[in-house]
Amino acid sequence: MKHKLEVYEQKRRFDETPEPRGRTARRSARPREGEGSFVIQRHDARRLHYDFRLELDGTLKSWAIPKGPSLDPTVKRLAVHVEDHRLEYGSFEGRIPEGSYGAGTVAIWDHGVWRPEGGLRGAREGYAQGKLKFTLEGERLHGGWTLVRSPMHDGKQESWLLIKQRDDEAVPEDEFHVVSDERAASNASNASKVSKVSKASKKRARASNEAEVAGVRITHPERVIDAQSGLRKIDLVEYFEAISAWLLPHVQGRPVALARAPKGVGGELFFQKHAKALQIPHATQHAGLDPGHAPLLTLESTEALVGAAQMDTIELHTWNALAASIEKPDRIVFDLDPDPSLPWERMLEAAQLTRELLDALGLRAWCKTSGGRGLHLVVPLTRHAGWEEAKDFARAVASHMAATLPERFSAKMGAQNRKGRIFVDYLRNNRGASTAAAYAPRARPGLGVSVPVDWDELHTLTSGDQWNVANVRERLEALRTDPWSGYEKARQRITAAMWKQLGGK
DNA sequence: GCGAGCG
DNA sequence: CGCTCGCAACGCACG
DNA sequence: CGTGCG
Ligand SMILES: [Mn+2]
Ligand SMILES: [Mn+2]
């Protein structure tokens, strides 16, 4: 106990604060035998909370309650056990200056008498054992209360819960809105009826708030994730399910980066490459590929795609290597990013020109819309080179384009460098970098989709996002041949001759 | 969307 | 309990 | 060099 007070005094510099210095003398008008004083101070500090203090054995046992007490017996309020305070502190109100521990303002929110069940002995035992039952007689709070130590107390501070007991002083607020009609109809305050109604309404709410697709529980299926198209979460989920046969060949075996948007397009978007446990339902984990991190992920099945969608994955980006040969990329990607002011025709020409350079080098490339503003050129490779060589080679190609056609291409990122031109983004060929996969949606208004195209149809393309989650099905149904035929069979490598043509390393 | 950390 | 916070990561452009 | 962007 003495120790606790010392800790407190160390945290405070008494000469700088208006709080009372502890004195050993005096003690004001005492409550009756078996009772003690209590106080709740509203403490507007770095974080607003309520300090709940019970007098016991000459000191104030103290808890910080972030949300303050609730009169609803079904509500448990976290009460973090904090240092004992001196009795004198119970009457403190005022400002704790900046720079002092607990800086902010303190106001007495309630005070009065607490009467522990079992008297003084009950209080001591309850406090030691982590379960205090007591009655409060304050100005705001009355009736029975329970303060229990939560089984989960990790490390320094104990977590307790403050709960109102069910008595006449309790004010149930649970489901107030849902139940209020019922209550008005029959003015009987029938607790069991209320709880039945609330249970039923919760069940109903869950039923309409959940769906099941490919064995995966889908929460909030009706939530609109893109205002522009009006598409809902369930539409995205069903898109992934329907596109599965087309999409899986492009993601299976490859570590992914998921771009997730729990609040939909326009909300916060974050990437996720790693996950512990089965945080993404049905995803496959690959521990050890990325040292110092949780396992990398691959998506191998329809269930995994749907699982990702349940977790609000919109974009699916893949590495340029398989998990099984993580140090040997099996392709390089050129991401053609146009200055937004350029006419689309320049974009098509750029793709064709890039293709011609690659062709001259002896490399076949395949093209897809990005689902956004541009196009992606994908060059499959046998798994012969390391990341360093693949990246250097991609940079050499981009630099060559920029050097030969500087009015059209830039190999430097940054809006400045791209002005009036197309940035050949070769940076997606670094280890750990990734590019939106074929048939993956993009987290942009309209939910564009990256779609593989045949070179023969290049001239018919109208934009990088001409296909989207809503209309790509039409495209696929109309297809007579695989636009990427030959891709799987390609066996090509980066050779010394290519380097020579590009002007050496 | 969800687990971890924290008050 | 209930809130808030991560959830990639790194070369490159710019100052 | 540090900082911020993509
Ligand atoms: Mn406090
Ligand atoms: Mn792009």
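First the proteins, then the strands, lettered A, B, ... as listed; each starts at 1. Computed over heavy atoms, backbone and side chain alike; hydrogens, waters and symmetry mates excluded. Given the structure is predicted, the values throughout are model-derived calculations rather than measurements.
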Subject >> Qualifying salt bridge (charged side-chain N to carboxylate O under 4.0 Å, His left out) pairs, either residue in residues 321-333 of chain A, two or more places apart >> reply: A:Arg254-A:Asp330, A:Glu327-A:Arg431
Subject >> Qualifying salt bridge (charged side-chain N to carboxylate O under 4.0 Å, His left out) pairs, either residue in residues 257-268 of chain A, two or more places apart >> reply: none
**OP:** Would you please confirm or rule out a distance under 4.0 Å between OP1 or OP2 of C:dG6 and any side-chain N or O of A:Gln272?
**Re:** no
Subject >> Pairs flagged by side chain to side chain donor-acceptor pair (under 3.5 Å) wherever residues 411-426 of chain A is involved - sequence neighbours left out >> reply: A:Asp425-A:Arg428
Original post:
OP1 or OP2 of C:dG6 sitting under 4.0 Å from any side-chain N/O of A:Arg260?
Top reply: no
Subject >> Listed nucleotide nearest any side-chain atom of A:Asn417, set B:dC2, C:dC14, C:dA8 >> reply: C:dC14
**OP:** Select one nucleotide: of B:dG1, C:dG11, C:dA9, the one nearest the side-chain heavy atoms of A:Lys233.
**Re:** B:dG1
Original post:
Within this structure, what is the NZ-to-C1' distance between A:Lys391 and C:dG11, rounded to whole angstrom?
Top reply: 8 Å
Original post:
Got a sec, which residues hit side-chain hydrogen bond (donor to acceptor under 3.5 Å, both in side chains) with A:Arg223, two or more places apart in sequence or on another chain?
Top reply: none
Under 3.5 Å, which donor-acceptor pairs link side chains of residues 289-297 of chain A to any protein atom two or more places apart or in another chain?
from, atom 1, to, atom 2, distance (Å)
A:Asp290, OD2, A:His274, NE2, 2.8

Pick out the pairs of N or O atoms, protein on one side and nucleotides 2-4 of chain C on the other, that lie under 3.5 Å.
from, atom 1, to, atom 2, distance (Å)
C:dC3, OP1, A:Lys67, NZ, 2.7

Original post:
Taking CH2 from A:Trp160 and C1' from B:dG7, how many angstroms apart are they, rounded to a whole number?
Top reply: 17 Å
Subject >> Of the listed nucleotides B:dG1, C:dG11, C:dC12, the one nearest the side chain of A:Tyr426 >> reply: C:dC12
Original post:
Of all the choices, C:dC1, C:dG11, B:dG1, which nucleotide is nearest to the side chain of A:Leu161 once you look at every atom?
Top reply: C:dC1
**OP:** Would you mind reading off the distance between A:Lys263 atom NZ and B:dC2 atom P, rounded to a whole angstrom?
**Re:** 14 Å
Original post:
Hey, is the side chain of A:His274 poking within less than 4.0 Å of OP1 or OP2 on B:dG3, counting only N and O atoms?
Top reply: no
Original post:
Would you call A:Asp465-A:Arg442 a salt bridge at under 4.0 Å N-O?
Top reply: no
**OP:** Using the test side chain to side chain contact (heavy atoms under 4.5 Å, CB included), find all partners of A:Pro445 that sit at least two apart in sequence or belong to another chain.
**Re:** A:Asp226, A:Gln228, A:Val265
Original post:
Reckon A:Gln279 touches a base, only the sugar-phosphate, or nothing at all at heavy-atom distances under 4.0 Å?
Top reply: nothing
**OP:** Would you please name every residue forming a side-chain hydrogen bond (donor to acceptor under 3.5 Å, both in side chains) with A:Lys233, sequence neighbours left out?
**Re:** A:Thr219, A:Gln310
Original post:
Does any non-hydrogen side-chain atom of A:Ile225 lie less than 4.5 Å from one of A:Leu236?
Top reply: yes
**OP:** Report yes if a side-chain nitrogen or oxygen of A:Asn430 is closer than 4.0 Å to either non-bridging phosphate oxygen (OP1 or OP2) of C:dC12; otherwise report no.
**Re:** no
Polar atoms only, N or O, under 3.5 Å: list the protein pairs with nucleotides 2-6 of chain D and their distances.
none

Original post:
How are the rings of A:Trp160 and A:Tyr127 set to each other: parallel, tilted or perpendicular (split at 30° and 60°)?
Top reply: parallel
Original post:
Is there a residue in residues 293-308 of chain A whose heavy atoms reach under 4.0 Å of DNA chain C, and which residues are they?
Top reply: A:His293
Original post:
Can you give the dot-bracket line for DNA chain C, where a pair is Watson-Crick or G-U wobble with both atom distances under 3.5 Å, crossing pairs use [ ], and | marks a partner on another strand?
Top reply: |||||||..||||||
**OP:** State which residues pass side chain to side chain contact (heavy atoms under 4.5 Å, CB included) with A:Lys76; sequence neighbours excluded, sorted by chain then number.
**Re:** A:Leu161, A:Ile163
